[in-house]
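No hydrogens, no waters, no symmetry mates; every other heavy atom, side chains included, goes into these values.
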Amino acid sequence: MRITDVEPIVLRGSSVYGEHRSDGEVSDSGDWQTLVRVSTDEGLVGWSDIETLAPAAAAIIRGPGMSMRGFTALRDLLIGKDPLDTERLWDELYVGSVYYGRRGIAMHCISAIDNCLWSIRAQSAGKPLCDLLGGRKRDRIRAYASTLFRDTPDQMAQAARSYIERGFTAVKFGWGAFGRDPGLDVELVAAARDTLGPDRDLLVDPGWYSSDENNPLPPRGVAENIALCERMAAFGVGWIEDFIHPEHFDEYTQVRRASSVPIAAGEQMSTIWDFQRLIDGGCVDVVQPDLTRCGGLTVARQVADMANRTQLDLVPHSWLTDLLTGYSLHLIASLPTARYVEFNVAQSDLTRGVCGGTIKLNDDGTVNIPTGTGLGIEVDADFIKAHCTR
């Protein structure tokens, strides 16, 4: 079997990050979405999404590249190659893009391609993807509703009630209004905790910078982050996530040592070398690789092994389309122990439309691991065609 094409597919939507949908939910990024499709001469096809700068990702994949090794477009590195040789192809993609890549958009693209190759590999074997990752150890996993902070305590309480009514037993609020006023931060989290009650989990993702470019928020220092953890401890928060500058590993270590609240991070990390620094440095209690940023499943498997050896929890970051959630579910199914899957309740029309809302919440607040061969998540070809820009 040989790879015949690697296609970046750029979708265009009409909503923007943070706007309120008709159902009162706050939306994720609904203006652009990049997909990757890898095709083979035997008719097997792999799909993945990427959360990155869409037009640049398309150029990195499709090219044109340059003649010197290290400056090659990713598609040119793969045409005619065996898609089942996933680890070797990862190395070829890394070296082939080393002068313009290594991290950032190029690694995001490599991650998506790697996911596609794993899907093809599982399809070729006639097995669910989790079987190739180490075997299915569970059929379902508890989900946490992942959404943005609202502006007022009343809005927080209303949102929390809506997730209870849908069956969630855990909720994560992130970014949004959090971080500008410590007093308001406490009020927002208190409203969520009071509504969720003591038997449901509450997770907090403050962000380490402001998502509002018109109202920038400088990164907090070590003392400020320790104080943030102390404020959140009063509400039995399950973890505080990704709230320190991602390059400041030493600060993570200092804050974790001083905090009584577990620390989670990793969604902005790429390659096993970054995760080795994160884990060996004692930075976190919970490791959160994003399979469309970290280097794909090839890297995530290594991170999972490292987390298991050091007795850390691994909960993938999966705030995108159901493709990313599907890949994350298969990884979760293969882990020795697992706590949650991130369930993006803030999907825009664009991110939801890619797979048509395939992944559903069970009545007990869990999500089923996909079955069937390969990823087990189908894309909506008509939706993609209707929103494709190239």
Side-chain angles (χ1 to χ4, degrees), residues 7-37 47-62 104-113 115-116 145-151 155 159 172-179 205 207-217 242 246 267-268 270 290-293 317-328 342-359 377 379-390:
E7 303 167 81
I9 300 170
V10 178
L11 309 182
R12 192 75 165 100
S14 58
S15 60
V16 296
Y17 174 89
E19 72 179 17
H20 285 269
R21 301 189 323 220
S22 59
D23 62 0
E25 182 62 72
V26 183
S27 176
D28 67 3
S29 298
D31 46 358
W32 295 94
Q33 176 60 60
T34 309
L35 304 176
V36 173
R37 178 172 58 198
W47 288 87
S48 181
D49 46 8
I50 329 174
E51 187 176 26
T52 194
L53 185 61
I60 285 171
I61 294 170
R62 187 173 45 232
I105 300 175
M107 185 53 63
H108 301 164
C109 295
I110 290 173
S111 301
I113 291 169
N115 292 336
C116 292
S146 185
T147 185
L148 299 177
F149 271 99
R150 309 308 199 263
D151 293 334
Q155 291 172 348
K172 183 177 80 180
F173 289 96
W175 297 71
F178 194 97
D205 180 3
W208 63 273
Y209 69 94
S210 173
S211 58
D212 181 0
E213 63 181 20
N214 297 317
N215 195 7
L217 181 70
D242 209 47
E267 69 173 83
Q268 297 186 22
S270 295
D290 184 305
L291 301 185
T292 68
R293 297 176 187 158
H317 177 266
S318 53
W319 206 61
L320 199 55
T321 82
D322 285 358
L323 287 171
L324 177 56
T325 307
Y327 282 112
S328 299
E342 182 171 18
F343 193 105
N344 183 4
V345 294
Q347 285 182 330
S348 64
D349 291 341
L350 190 64
T351 48
R352 186 188 303 111
V354 169
C355 298
T358 301
I359 297 176
I377 302 291
V379 300
D380 186 331
D382 291 337
F383 179 90
I384 291 171
K385 182 178 180 180
H387 291 80
C388 184
T389 63
R390 59 178 74 201

W208: what forms a ring-ring contact (aromatic ring centres under 6.0 Å, His included) with it, not counting sequence neighbours? H245

Quick one: closest heavy-atom pair of A56 and I105, and the distance? CB-CD1, 3.7 Å

Correct closest heavy-atom pair for S29 and S348 would be O-OG, 3.7 Å

Write down the atom of D322, the atom of C355, and the distance for their closest heavy-atom approach. CB-CB, 3.8 Å

Straight-line distance of E51 CD to D28 CG, nearest 0.5 Å: 7.5 Å

Interatomic distance, CD@E7 vs CH2@W47, rounded to 0.5 Å, equals 7.5 Å

Rounded to the nearest 0.5 Å, what's the gap from CD1 on I359 to OG1 on T325? Could you check? 4.5 Å

Nearest-0.5 Å distance that lies between atom CG in D205 and atom OG1 in T147: 11.0 Å

For Y327, enumerate each residue passing the ring-ring contact (aromatic ring centres under 6.0 Å, His included) test, keeping only those at least two apart in sequence or located in another chain. none

Taking Q347 for its side chain and L320 for its backbone only, find out whether a donor-acceptor pair lies under 3.5 Å. yes

Tell me if a side-chain donor or acceptor on D380 pairs with a main-chain N or O of G356 at a distance below 3.5 Å. no

Enumerate the salt bridge (charged side-chain N to carboxylate O under 4.0 Å, His left out) contacts for residues 344-357, please, sequence neighbours excluded, ordered by first and then second residue. D349-R352

Applying ring-ring contact (aromatic ring centres under 6.0 Å, His included), name anything that partners F149, two or more places apart in sequence or on another chain. F173, F178

For residues L350 and G30, report the shortest heavy-atom separation together with the two atoms involved. CD2-O, 3.7 Å

Measure from the side-chain N and O atoms of E342 to the backbone N and O of S318, and report whether any donor-acceptor pair falls under 3.5 Å. yes

Side chain of R12, backbone of C388: donor and acceptor closer than 3.5 Å? no

Search all heavy atoms of T389 against all heavy atoms of L11 and return the closest pair with its distance. CG2-C, 4.4 Å

Can you tell me how far apart CE (M107) and CD1 (I60) are? Round to the nearest 0.5 Å. 11.0 Å

Does R293 use its side chain to pair, donor to acceptor, with the backbone of E267 at less than 3.5 Å? yes

dist I50:CD1 -> T34:OG1 (nearest 0.5 Å) comes out at 5.5 Å

Check whether R150 reaches the backbone of L148 with its side chain - one donor and one acceptor, N or O, closer than 3.5 Å. yes

Mind checking side chain to side chain contact (heavy atoms under 4.5 Å, CB included) for C116 and listing every partner two or more places apart, or none if nothing turns up? V36, V38, S48

Could you point out which residue of H317, H108, Q268 forms a side-chain hydrogen bond (donor to acceptor under 3.5 Å, both in side chains) with D290? H317

Return the set of residues passing side chain to side chain contact (heavy atoms under 4.5 Å, CB included) with T321 (not counting sequence neighbours), or none when no residue passes. Q33, D49, L323, T351, V354

If only side-chain N and O atoms count, and only distance matters, is there a donor-acceptor pair under 3.5 Å linking N344 with S146? no

